[in-house]
Student: 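What follows is a single structure, and I will ask about it in a moment.
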Amino acid sequence: MTTTGEGTPTPDAAPAAAADLPAATVRRLPEYLRALGTLSESGVETVSSETLAAATGVNSAMLRKDLSQLGASGMRGVGYNVTALATHIAGVLGLTQDSRVAIIGLGHLGQALARYPGFSERGFDIVGLFDADQGIIGRDLDGIPVRDVALLAQAVRDEGINIGVIATPGAAAQHVADLLVDAGVTSILNFAPCVLAVPAGVVVRKVDLAVELQILSFHEHHKTIGLQADQYRKTQANTA
């Protein structure tokens, strides 16, 4: 393993370190990378674990454990080199080369995803847009034509698409997933309100915005109940 003067491994160490990372650690790495990018843009060259942890909403002990599992170690009293650590994490996440992405389903959500500039800024090139609706096929979204989903498999093979984003209604999502898998795509981001059945070796990340709102509703509801209970106890204490 090679290291920089700040004690952070160089990117060539990343593949070996990443093989058995816990899923929870992997979920936190993009947040570390985002915070490091913000620090770098502000001209910060080194950062302590406490500062980086505060910027990402985790405790510093957890952050140090996560980074140690990558083989990254800061210098005592100095911290981590921001650029070197960001490069290393990007390597672990496979962001050293751009990914080619297809979005399937160009309703309101799909169109919003297609127009989101953050994807290209982070190395994800939207190269294909697909739908089954003849009313939208042939339209141009920010320079990318919407094609018939019947052409998806051929496009995957011809254009090197390696990530599929499903933004269709739930009833169509499994068919689209089957098309992607049959064409060789093994990474799928699913916004459809359903669970996909895929073979072993295919990774599916599910994003259900309604579920996230329901979870927020749960916390809001029980926060209100807690406040009411506290108020009741105070009232009882005052009248005792």
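As a basis for the values below, the full set of heavy atoms in this structure was taken, side chains included, without hydrogen atoms, waters or symmetry mates. Along the sequence shown, residues carry numbers from 1.
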Student: Using only atom types and a distance under 3.5 Å, with no angle test, would you say the side chain of Gln174 pairs donor to acceptor with the backbone of Ala197?
Tutor: yes
Student: For the side chain of Ser120 and the backbone of Pro117, is there at least one donor-acceptor N/O pair under 3.5 Å apart?
Tutor: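 Between the backbone of Pro117 and the side chain of Ser120 there is a qualifying donor-acceptor contact (under 3.5 Å).
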Student: Checking the side chain of Thr51 only, and the main-chain atoms of Val47 only, is there a donor and an acceptor separated by less than 3.5 Å?
Tutor: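 Not confirmed, Thr51 side chain does not pair with Val47 backbone.
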Student: Check whether more than 12 heavy atoms from other residues, nucleotides or ligands sit under 6.0 Å from atom CD of Glu45, and answer yes or no.
Tutor: no
Student: Does Arg34 reach the main-chain N or O of Pro30 with its side chain, forming a donor-acceptor pair under 3.5 Å?
Tutor: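 Pair absent, no side-chain N/O of Arg34 close to backbone of Pro30.
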Student: Which atom pair, heavy atoms only, marks the closest approach of Gly170 to Ala192?
Tutor: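 For Gly170 and Ala192, the tightest heavy-atom pair comes out as CA-CB, 4.2 Å.
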Student: Kindly indicate whether the side chain of Asp148, heavy atoms from C-beta on, has any atom under 4.5 Å from the side chain of Gln134.
Tutor: yes
Student: When you measure from the side chain of Asp125 to the backbone N and O of Val127, does any donor-acceptor pair fall under 3.5 Å?
Tutor: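 Not a single qualifying donor-acceptor pair exists.
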Student: Please give me the minimum heavy-atom distance between Ala35 and Leu52, naming the atom from each residue.
Tutor: CB-CD1, 3.8 Å
Student: Please tell me if the side chains of Asp133 and Val146 come closer than 4.5 Å, counting only heavy atoms from C-beta onward.
Tutor: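 The answer is no, as the side chains (C-beta and beyond) never meet within the 4.5 Å cut-off.
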Student: Which side chain to side chain donor-acceptor pair (under 3.5 Å) pairs, counting each pair once, include a residue from residues 181-207, with sequence neighbours left out?
Tutor: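 Qualifying pairs: Lys206-Asp208.
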Student: Less than 4.5 Å apart, side chain to side chain, heavy atoms only: is that true for Leu129 and Ile126?
Tutor: yes
Student: Do Leu196 and Leu209 sit in one hydrophobic cluster, given that two such residues count as connected whenever their side-chain heavy atoms are within less than 4.5 Å of each other, even indirectly?
Tutor: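 No, Leu196 does not connect to Leu209 through the hydrophobic network.
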Student: With a 4.5 Å cut-off on side-chain heavy atoms, are Tyr32 and Val58 touching?
Tutor: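 Yes, their side chains come closer than 4.5 Å.
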Student: Looking only at heavy atoms, what is the nearest atom pair of Ala132 and Val149, with distance?
Tutor: CB-CG1, 4.1 Å
Student: Return yes if some donor-acceptor pair links the side-chain N/O of Asn59 with the main-chain N/O of Met62 below 3.5 Å, else return no.
Tutor: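 Yes, because the side chain of Asn59 sits within donor-acceptor range (under 3.5 Å) of the backbone of Met62.
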Student: So, do Phe130 and Ile103 sit near enough that their side-chain heavy atoms are less than 4.5 Å apart?
Tutor: no
Student: Looking at side-chain heavy atoms only, is the closest gap between Leu179 and Val156 below 4.5 Å?
Tutor: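 They are not in contact (no side-chain heavy atoms under 4.5 Å apart), so the answer is no.
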Student: Kindly say whether Leu106 contributes a backbone atom to a donor-acceptor pair with the side chain of Asp131 at under 3.5 angstrom?
Tutor: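 Looks like yes, one N/O pair under 3.5 Å.
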Student: Mind checking side-chain contact (heavy atoms from CB on, under 4.5 Å) for Ile215 and listing every partner two or more places apart, or none if nothing turns up?
Tutor: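 For Ile215 the side-chain contact (heavy atoms from CB on, under 4.5 Å) partners, ignoring immediate neighbours, are Val211, Glu212, His219.
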Student: Please report the closest heavy-atom contact between Phe191 and Ala167, naming both atoms and the distance.
Tutor: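 In this case the closest contact between Phe191 and Ala167 is CB-CA, 4.3 Å.
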Student: Locate the shortest heavy-atom distance separating Leu21 from Val26; write the atom from each residue and the value.
Tutor: CB-CG2, 3.9 Å
Student: For Lys65, does its backbone N or O pair with a side-chain atom of Ser68 as donor and acceptor, under 3.5 Å?
Tutor: yes
Student: State, yes or no, whether a side-chain contact exists between Val185 and Asn162 at a heavy-atom distance under 4.5 Å.
Tutor: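 Answer no - side chains too far apart.
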Student: If only atom types and distance count, is the side chain of Ser42 paired as donor or acceptor with the main-chain N or O of Thr38 below 3.5 Å?
Tutor: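 Here the side-chain-to-backbone pair exists.
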Student: Output all residues satisfying side-chain contact (heavy atoms from CB on, under 4.5 Å) with Pro22, sequence neighbours left out; order by chain, then residue number.
Tutor: Thr25, Gln69
